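In what follows, a structure is listed as structure tokens, so that the remarks can point back to it.
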There are 2 protein chains.
Amino acid sequence: MYQQIKGLILHSLQHGEWKPGEVIPSEMDLAARFRVSQGTVRKAIDELAADNLLMRRQGKGTFVATHAERQVQYRFLKLMPDVGDAREEGPAQRTILECKRSRAPVEIARALQLRTGDPVIQARRILSFAGVPTILEDIWLPGQAFKGLTAEQMAEYQGPTYAMFELDYGVRMVRAEEKIRAIAPDEEQANLLLVPVGTPLLSVERLAYTYNDVPMELRRALYRTDTHHYHNSLS
Amino acid sequence: MYQQIKGLILHSLQHGEWKPGEVIPSEMDLAARFRVSQGTVRKAIDELAADNLLMRRQGKGTFVATHAERQVQYRFLKLMPDVGDAREEGPAQRTILECKRSRAPVEIARALQLRTGDPVIQARRILSFAGVPTILEDIWLPGQAFKGLTAEQMAEYQGPTYAMFELDYGVRMVRAEEKIRAIAPDEEQANLLLVPVGTPLLSVERLAYTYNDVPMELRRALYRTDTHHYHNSLS
DNA sequence: GAGTGGTCTAGACCACGCG
DNA sequence: GCGTGGTCTAGACCACTCA
């Protein structure tokens, strides 16, 4: 039964009944609405909180998770400085190189579950830490959901790109899968990251999903790993 | 209170009261032992199961997690074939190149929380898939806990190395942290993996911990990523 | 059919945040 | 002081496993 309740809450999240950052009704209210006991609602919320879809705060309520919060900002970025920690390093400087409407090549279309040739937004940018260009990213977004996204918008928005997606397009990224390889950059890539052509780089291909396992973003990035590393916790 | 119960159960796990793969007492029994209700024990076990320290099986009981089980075998190995899946590929073929007693260099000692010069076991091996050498691993283990480990032992044991550690040395790896970089191999490394010297490889440095966050293994591996990739799920 | 974990309930009290 | 989530309890019943 709590799985059903979970489904109902999920449905409300998907349909924007409660927006990212907002409180959802109290456990008692939801229990009344769904005609179950508080404990059942609690278990449903527990699992949604474990999946990072909701955030509980004692004394205040349960909130729809958002990429805009300080604590969980850059949740999907696993690149860490070799010395010090990510907080003191602060957010990256962003340089948008390009942001254009185009048509999905086969590969991209398949990943985003579109048809080949469907409209997509394609963006390329560089993230720098302490002035050193460290990440080169190519981003593909389904054109339909992100109609009107411009380079200016990507440049202007302070904070995580995923937070901007929530605010301006109502698209919340919920989870992602990454495939990581070591590759040698081509000349253009090497020039953009200011490294010699032979330098090994981390290739990180990320497919990010919104609710219901719908893929909404494909991101292909190259990470310099001379002063940073990709950090992963296994358990 | 359930945190205290969790601590007590953890203590029993650490001290080997229940060994990997065994059942622990039922929730009712533990509730009686600790003088709390079943629900409190349940919550403690829930969290331990979420941390992969315990495994629940409905109708049978709660078991101490182990690396020997089919389902969770190679839990810490995130390298996946680009096509097909890891199960059909089967386990890797192992070639032990070396396994010797030595003294911990500064770096290794710091990672394993030993003193420089303390005895360590050092092993080097190659893992191959479909006959292709794909992983070159250097493993460092504290000499005290792994006294007597030999190359033969590493070669003979069928199944995950971590399962062998549990069985023969009573050391259970509970979680791990990995730092990933892209590097170019030196000549020796390149020869062992049968790749040209310039080939970018994934460098994966893993520190594996047993109970209580005690580091028990440092592993430095190079992964070929021409037919495989490192897979990571973010949420 | 006995024993295990899994779920649901209802009620009580606690800890926290905030007006 | 009220409302929120957090915890603990006790009892009931269900689903699964295995002798």
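Computed from a predicted structure; not experimentally measured. Naming: A, B, ... by sequence-line order, numbering from 1 per chain. When reading the values below, keep in mind they use all heavy atoms of this one structure, side chains included, and skip hydrogens, waters and symmetry mates.
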[N] phosphate, OP1 or OP2: any side-chain N/O from [X] under 4.0 angstrom?
X: R56(A); N: dG6(D); answer: yes
X: T40(A); N: dT9(C); answer: yes
X: K43(B); N: dT7(D); answer: yes
X: S26(A); N: dG3(D); answer: no
X: R42(A); N: dG6(D); answer: yes
X: K60(A); N: dG5(D); answer: no

In whole Å, what is the span from the [atom1] atom of [X] to the [atom2] atom of [N]?
X: L30(A); N: dG3(D); atom1: CG; atom2: C1'; answer: 15 Å
X: E27(B); N: dA12(D); atom1: CD; atom2: P; answer: 18 Å
X: M28(B); N: dA12(D); atom1: CE; atom2: P; answer: 12 Å
X: I45(B); N: dG5(C); atom1: CD1; atom2: P; answer: 7 Å
X: M55(B); N: dG6(C); atom1: CE; atom2: C1'; answer: 15 Å
X: Q38(B); N: dC8(C); atom1: CD; atom2: C1'; answer: 13 Å
X: Q4(A); N: dT7(C); atom1: CD; atom2: P; answer: 13 Å
X: Y2(B); N: dC13(C); atom1: OH; atom2: P; answer: 21 Å

Exercise for the section: Validate the cation-pi geometry between R175(B) and Y162(B): distance from NZ or CZ to the six-membered ring centre under 6.0 Å, angle to the ring axis within 45°. Expected result: no

Problem - 5' precedence on DNA chain C between I24(B) and M1(A) (nearest-nucleotide basis) - result: I24(B)

Exercise for the section: Identify, between V41(A) and G59(A), the residue whose nearest nucleotide on DNA chain C lies closer to the 5' end. Expected result: V41(A)

Exercise for the section: Answer with base, sugar-phosphate or nothing: what part of the nucleic acid does Q58(B) contact at a heavy-atom distance below 4.0 Å? Expected result: base

Exercise for the section: For V23(B), report the nucleic acid contact type (base, sugar-phosphate, nothing); a contact means any heavy atom under 4.0 Å. Expected result: nothing

Practice task
Could you tell me whether the side chain of R57(A) has a donor or acceptor atom within less than 3.5 Å of a complementary atom in the base of dG17(C)?
Solution key: no

Completion exercise
Between T66(A) and the options E166(A), E22(A), Q73(A), the side-chain hydrogen bond (donor to acceptor under 3.5 Å, both in side chains) test singles out E166(A)

Completion exercise
ring pair (Phe, Tyr, Trp, His ring centres under 6.0 Å) with H67(A): of Y157(A), Y74(A), F76(A), only one passes, and it is F76(A)

Problem - Side-chain heavy atoms of L149(B) within contact of M164(B), under 4.5 Å - result: yes

Practice task
Mark yes when over 12 heavy atoms from residues, nucleotides or ligands other than Q144(B) sit less than 6.0 Å from its CD; otherwise mark no.
Solution key: no

